[in-house]
Protein chains: 2
Amino acid sequence: MPLTISEVAHEAGVNPQTLRYYERRGILAEPARTPAGYRQYDPEAVTRIVFIKRAQDLGFTLEEVHELLELRVEHGAACGAVEATAGENLRRVDEKIRQLTRLQEVLTELVESCQLRQGTEDCPILEALER
Amino acid sequence: MPLTISEVAHEAGVNPQTLRYYERRGILAEPARTPAGYRQYDPEAVTRIVFIKRAQDLGFTLEEVHELLELRVEHGAACGAVEATAGENLRRVDEKIRQLTRLQEVLTELVESCQLRQGTEDCPILEALER
DNA sequence: TCGGACCTTATACTAGGGTACAGGGTTTGG
DNA sequence: CCAAACCCTGTACCCTAGTATAAGGTCCGA
């Protein structure tokens, strides 16, 4: 059962204009159309858009999201390029996880200090992302 | 040994105009000045700016970064608010880590598929951030 | 049948986050 | 002493990522 642009936008929690914008950017494929020209989306479009928004929330640009969504292996011959891109993105994700884990530790300590009513340093968070 | 705006910018890898912008935004405190009005930064400013940039790379806005940098306990009386804010940010960090871990798993599988020269689904990454 | 709500595209505008420029003062090394 | 490089503030501009608006067509329920 195809969805209208408003239905997809509503389910994904974005503005319909945003979907047209993603289409112009090439991040969303052009969907099928009714004879009147209305877009008809697969429900998978919602999943795609949720992915886009969550990846942005994790610090990826639309360009980077586009690159991630294009990752696939169609046949063995193309593996080198896909492996390189996936590996590079894997390293970035690893690094983000490492840094967020540091921040998580410092925030956990801060919450504990609060619970024990203990003062903290002037800016306990500052060095969390230093390395 | 205080640093000039160019020295701090260079060490932190940003543009000097960015530092003035952060000062206008209140994210960086106003530094000491020479009699001629030149800014003189503590070396700690570099740490602060590195924190800002890395937090942005992790998906935090400048507003959120500002909030994080303001987290501290000065005396027991203020603990409630600090604990609430730190707790809220801790939850967001937890969620980011969870989602990035999912993405990490999918990217790892993708790299392994490449190494085994196996085809993948049309868009193996898509569901990585679905929940 | 009709009106309100939806859709279309093209264009203009907004918000967040910078970054460049103008005009003029200061510093520093040759 | 002087030129180049630095600094200052205020203002303007740029980029990314949306989002609104205009003008007009389509759909659907009353």
Side-chain angles (χ1 to χ4, degrees), chain A residues 1-43 45-46 48-70 92 129, chain B residues 1-43 45-46 48-70 92 129:
Chain A
M1 176 52 150
L3 301 164
T4 65
I5 195 168
S6 285
E7 288 165 342
V8 172
H10 185 263
E11 281 195 51
V14 301
N15 188 296
Q17 293 286 12
T18 304
L19 303 190
R20 296 187 185 102
Y21 172 65
Y22 287 167
E23 197 181 310
R24 288 200 294 280
R25 291 288 301 260
I27 298 163
L28 278 187
E30 290 202 44
R33 301 270 189 154
T34 68
Y38 284 29
R39 290 169 176 82
Q40 295 188 278
Y41 291 95
D42 277 355
V46 177
R48 223 173 159 83
I49 294 152
V50 166
F51 179 89
I52 294 167
K53 300 318 283 182
R54 286 185 175 168
Q56 280 183 307
D57 189 59
L58 295 170
F60 291 89
T61 68
L62 284 179
E63 201 55 42
E64 291 164 340
V65 168
H66 194 181
E67 185 178 274
L68 286 170
L69 287 169
E70 298 276 284
R92 286 160 74 191
L129 302 184
Chain B
M1 173 54 151
L3 303 164
T4 65
I5 196 168
S6 284
E7 289 165 342
V8 171
H10 185 263
E11 280 195 50
V14 302
N15 187 296
Q17 293 287 14
T18 305
L19 303 191
R20 296 190 185 100
Y21 173 65
Y22 287 168
E23 195 183 311
R24 288 199 295 280
R25 288 286 302 261
I27 299 163
L28 278 188
E30 290 202 44
R33 301 271 189 153
T34 66
Y38 285 26
R39 290 167 177 81
Q40 296 189 277
Y41 291 95
D42 277 355
V46 177
R48 223 172 159 84
I49 295 152
V50 166
F51 179 88
I52 294 167
K53 300 316 284 181
R54 287 186 175 168
Q56 279 183 306
D57 189 59
L58 295 170
F60 292 89
T61 67
L62 284 179
E63 201 55 40
E64 292 166 338
V65 169
H66 193 182
E67 188 177 274
L68 286 170
L69 288 169
E70 297 276 283
R92 286 160 73 192
L129 303 184

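Worth knowing before you read on, the calculation uses all heavy atoms, side chains too, and leaves out hydrogens, waters and symmetry mates. In what follows, every chain begins at residue 1, and chains take the letters A, B, ... in the order their sequences are listed.
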Taking only side-chain nitrogens and oxygens of [X], does any of them come within less than 4.0 Å of OP1 or OP2 of [N]?
| X | N | value |
| --- | --- | --- |
| R24(A) | dT19(D) | no |
| R39(B) | dC7(D) | no |
| T4(A) | dC7(C) | yes |
| Y22(B) | dG17(C) | no |
| K53(B) | dG17(C) | no |

Can you see which heavy atom on I49(A) is nearest to which on A12(A), and at what distance?
CG2-CB, 3.5 Å
Measure across H66(A) and G26(A) and return the closest heavy-atom pair with its distance rounded to 0.1 Å.
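Here H66(A) and G26(A) meet closest at NE2-O, 3.2 Å.
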Separation of atom [atom1] in [X] from atom [atom2] in [N], rounded to whole Å:
| X | N | atom1 | atom2 | value |
| --- | --- | --- | --- | --- |
| R25(B) | dA15(C) | CZ | C1' | 10 Å |
| I49(A) | dA17(D) | CD1 | C1' | 15 Å |
| E23(A) | dA17(D) | CD | C1' | 17 Å |
| R33(A) | dG25(D) | CZ | P | 17 Å |
| L28(A) | dA17(D) | CG | C1' | 14 Å |
| D57(A) | dA17(D) | CG | C1' | 15 Å |
| L19(B) | dG18(C) | CG | P | 11 Å |
| E7(B) | dT28(C) | CD | C1' | 13 Å |

Gap between atom CG of L58(B) and atom CD of E64(B) - 0.5 Å precision
11.5 Å
Nearest-nucleotide comparison on DNA chain D, the residue closer to the 5′ end among R20(B) and T18(A)
R20(B)
Which residue lies more 5' along DNA chain D, comparing P35(A) with N15(A) via nearest heavy atoms
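By nearest-heavy-atom nucleotide position, the 5'-most residue is N15(A).
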[X], nearest nucleotide to its side chain (from [options]):
| X | options | value |
| --- | --- | --- |
| S6(B) | dT9(C), dC8(D), dC7(D) | dC7(D) |
| L62(A) | dT9(C), dG18(D), dC27(D) | dG18(D) |
| I5(A) | dT19(D), dT8(C), dG18(C) | dT8(C) |
| A36(A) | dC7(D), dT26(D), dT8(C) | dT26(D) |
| Y21(A) | dA17(D), dG18(C), dC7(D) | dA17(D) |

In the structure I gave you, are the side-chain heavy atoms of I52(A) and L62(A) within less than 4.5 Å of one another anywhere?
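In short, these two side chains touch, coming nearer than 4.5 Å.
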Mind checking T34(B) for me? I need base, sugar-phosphate or nothing, with any heavy atom below 4.0 Å counting as a touch.
nothing
When we call it a touch if two heavy atoms are under 4.0 Å apart, what does Q56(B) touch: a base, just sugar-phosphate, or nothing?
sugar-phosphate
Count the heavy atoms of every other residue, nucleotide or ligand shown that sit under 6.0 Å from CD of E70(A), and state whether that count exceeds 12.
yes
Heavy-atom donor-acceptor pair, Y38(A) side-chain to dG25(D) base, under 3.5 Å:
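By the distance-only test, yes, there is a pair.
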Donor/acceptor link under 3.5 angstrom from Q17(B) side chain onto base of dT9(D):
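It does not, because no donor-acceptor pair links the side chain of Q17(B) to the base of dT9(D) below 3.5 Å.
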Under the criterion salt bridge (charged side-chain N to carboxylate O under 4.0 Å, His left out), which of E23(B), E7(B), E30(B) is the partner of R39(B)?
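Of the listed options, the one satisfying the test is E23(B).
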